[in-house]
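A short worksheet on the structure shown next.
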Amino acid sequence: MTSTNFTSNSDELWPDSDHMIDAPPVIQEPARRFRKYFLPKRGLCQAPPVIQEPARRFRKYFLPKRVSDPSDEACLTHFTQSLKDPTNSLQNWTKPNFANPCNGFTSYLPGATCNNGRIYKLSLTNLALQGSISPYLANCTNLQSLDLSSNQITGPIPADLQSLVNLAVLNLSSNRLDGEIPPQITMCAYLNVIDLHDNFLSGQIPQQLGLLVRLSAFDVSDNKLSGPIPVSLGNRSGNLPRFNATSFLGNKDLFGYPLPPMKTKGLSVLAIVGIGLGSGFASLVLSFTGVCIWLKVTEQKMALEDGKISQLMPDY
């Protein structure tokens, strides 16, 4: 009697740890025991049909295979297309990996972290990245942390980031971003950190940012911002975290608390007061001189008239 070699790929029989985490505890424990005693190898395994078929059914009905989110795939595709990578730091950021970027909490993409099969953190710092921030980044709707600091990224901050409603950390510092800070990012109500320092951002700080009650770290220093600092940010009330002057320094046309008073351009206050007093004294001297001259002229005229009258009068 010849024996039949039932060789099959275990991935077709049994879910990996990425699929296991979604199963309820009542399923997970029997599944671990089943895998331990009946499917000892992750590669090729030999199992009789009596084992293979139940395993396939178990996987099909209880632990369906996870597929990547199409929004994440579009997000990652457009995001990388908008960037230039001169140091080849993103060499594994390829289309095949975009289709299935996650394996449990880990990712096949360096700098990315996954949660429940979705991209929830991107940390691509100090990689000399160039280009711009794609608006399609808003498709990574499960994103909670975005850190692109210390690169050479240019262009504006996309207002589309307002779609990242789970975003808690936004760090775009030390780049070459320009344009205004989009007020739409206040739609990201969970924001705890906004760090935009050391860029070329201009315009005023949106007052709406003060509505972010979870905001505990805020830095827009060393930009080209102008106008008043919103009171809702500069002088927060209640138990809300407050931000000191270092969060706003380096913007020469920005003013208001907690920044120190702006220095008067040109002449100092004392100089202006001195000029005022000096001009007033000069006006007084000129007025007095004018009066003296008028009196002198008037006196001479009266003397001449008196002489004429005395000549006309007869001698007695």
Side-chain angles (χ1 to χ4, degrees), residues 111 113 120-127 129 132-133 135 137-138 140 143-265:
T113 307
Y120 94 102
K121 182 178 181 180
L122 286 177
S123 182
L124 304 173
T125 65
N126 199 24
L127 298 178
L129 298 176
S132 59
I133 302 175
L137 193 60
C140 288
L143 198 64
Q144 297 181 28
S145 177
L146 176 61
D147 189 350
L148 303 177
S149 60
S150 301
N151 285 293
Q152 301 173 23
I153 301 174
T154 58
I157 300 174
D160 304 73
L161 296 185
Q162 65 179 316
S163 299
L164 301 176
V165 294
N166 296 308
L167 194 66
V169 176
L170 178 62
N171 188 350
L172 305 177
S173 62
S174 299
N175 278 286
R176 299 177 181 177
L177 299 171
D178 55 28
E180 298 185 353
I181 301 174
Q184 291 89 341
I185 62 175
T186 54
M187 298 297 293
C188 307
Y190 291 101
L191 274 172
N192 292 315
V193 176
I194 297 180
D195 192 350
L196 306 175
H197 82 268
D198 194 16
N199 278 288
F200 299 101
L201 299 172
S202 58
Q204 296 189 5
I205 300 175
Q207 295 188 6
Q208 296 92 322
L209 295 182
L211 300 176
L212 296 170
V213 295
R214 299 173 185 265
L215 196 62
S216 58
F218 182 76
D219 192 349
V220 291
S221 59
D222 297 317
N223 278 282
K224 296 183 178 181
L225 298 171
S226 59
I229 297 174
V231 175
S232 55
L233 282 174
N235 192 14
R236 308 183 91 189
S237 58
N239 296 325
L240 296 178
R242 300 191 179 188
F243 313 120
N244 55 33
T246 57
S247 296
F248 306 96
L249 291 174
N251 297 278
K252 67 176 183 178
D253 294 323
L254 192 66
F255 59 89
Y257 187 85
L259 289 177
M262 294 183 67
K263 295 181 179 179
T264 306
K265 295 182 179 179

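Both backbone and side-chain heavy atoms feed into the values below; hydrogens, waters and symmetry mates do not. Only a predicted model underlies this, so the values are computations on that prediction, with no experimental measurement involved.
At least one donor-acceptor pair closer than 3.5 Å links the side chain of Asn151 to the backbone N or O of Leu124.
Side chains of Val165 and Tyr190 form no contact here, defined as non-hydrogen atoms less than 4.5 Å apart. Side-chain atoms of Leu167 and Leu191, non-hydrogen and from C-beta on, do get closer than 4.5 Å to each other. Leu259 has its side chain within reach of Leu249: a pair of non-hydrogen atoms, C-beta onward, lies under 4.5 Å apart. Contact annotation: the side chain of Asp147 never approaches that of Val169 to less than 4.5 Å [non-hydrogen atoms, C-beta and beyond]. Counting heavy atoms from C-beta on, the side chains of Leu196 and Ile157 come closer than 4.5 Å.
Separating the CG atom in Asp195 from the OG atom in Ser221 is a distance of 7.5 Å, to the nearest 0.5 Å. The OG atom of Ser149 sits 8.0 Å away from the NE2 atom of His197 when rounded to the nearest 0.5 Å. How far CG of Leu201 is from CG of Leu172: 8.5 Å, rounded to the nearest 0.5 Å. Between atom CG of residue Asp222 and atom CG of residue Asn251 there is a gap of 7.0 Å, rounded to the nearest 0.5 Å. Atoms CZ and CG, on Phe248 and Asn223 in that order, are 12.0 Å from each other to the nearest 0.5 Å. Note that CG of Asp198 and OG of Ser173 are 7.5 Å apart. Values are rounded to the nearest 0.5 Å.
Minimum heavy-atom separation, Leu137 to Leu164: O-CD2, 3.7 Å. In terms of heavy atoms, Asn175 sits closest to Ser150 at ND2-N, 4.1 Å. What you find for Pro158 and Pro135 is that their closest heavy atoms are CB-CA, 4.1 Å. Nearest heavy-atom pair across Ala189 and Arg214 is O-CD, 3.4 Å. Shortest non-hydrogen contact noted between Lys224 and Phe200 is CE-CD2, 3.8 Å.
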Show which side-chain atoms of residues 229-245 pair as donor or acceptor with protein atoms under 3.5 Å away, not counting sequence neighbours.
from   : atom 1 : to     : atom 2 : distance (Å)
Ser232 : OG     : Gln207 : O      : 3.4
Arg236 : NH1    : Leu215 : O      : 3.0
Arg236 : NH1    : Pro241 : O      : 3.0
Arg236 : NH2    : Leu212 : O      : 3.0
Arg242 : NE     : Arg236 : O      : 2.8
Arg242 : NH2    : Arg236 : O      : 3.0
Asn244 : OD1    : Thr246 : N      : 3.2
Asn244 : OD1    : Thr246 : OG1    : 2.4

Leu225/Ile205 under side chain to side chain contact (heavy atoms under 4.5 Å, CB included): CA gap, chis, key distance, verdict: CA-CA 7 Å; Leu225 298 171; Ile205 300 175; 3.9 Å; yes
Side chain to side chain contact (heavy atoms under 4.5 Å, CB included) between Thr186 and Leu209, worked out: CA-CA 6 Å; Thr186 54; Leu209 295 182; 3.6 Å; yes
Derivation of the side chain to side chain contact (heavy atoms under 4.5 Å, CB included) call for Ile133 and Leu177: CA-CA 9 Å; Ile133 302 175; Leu177 299 171; 4.2 Å; yes
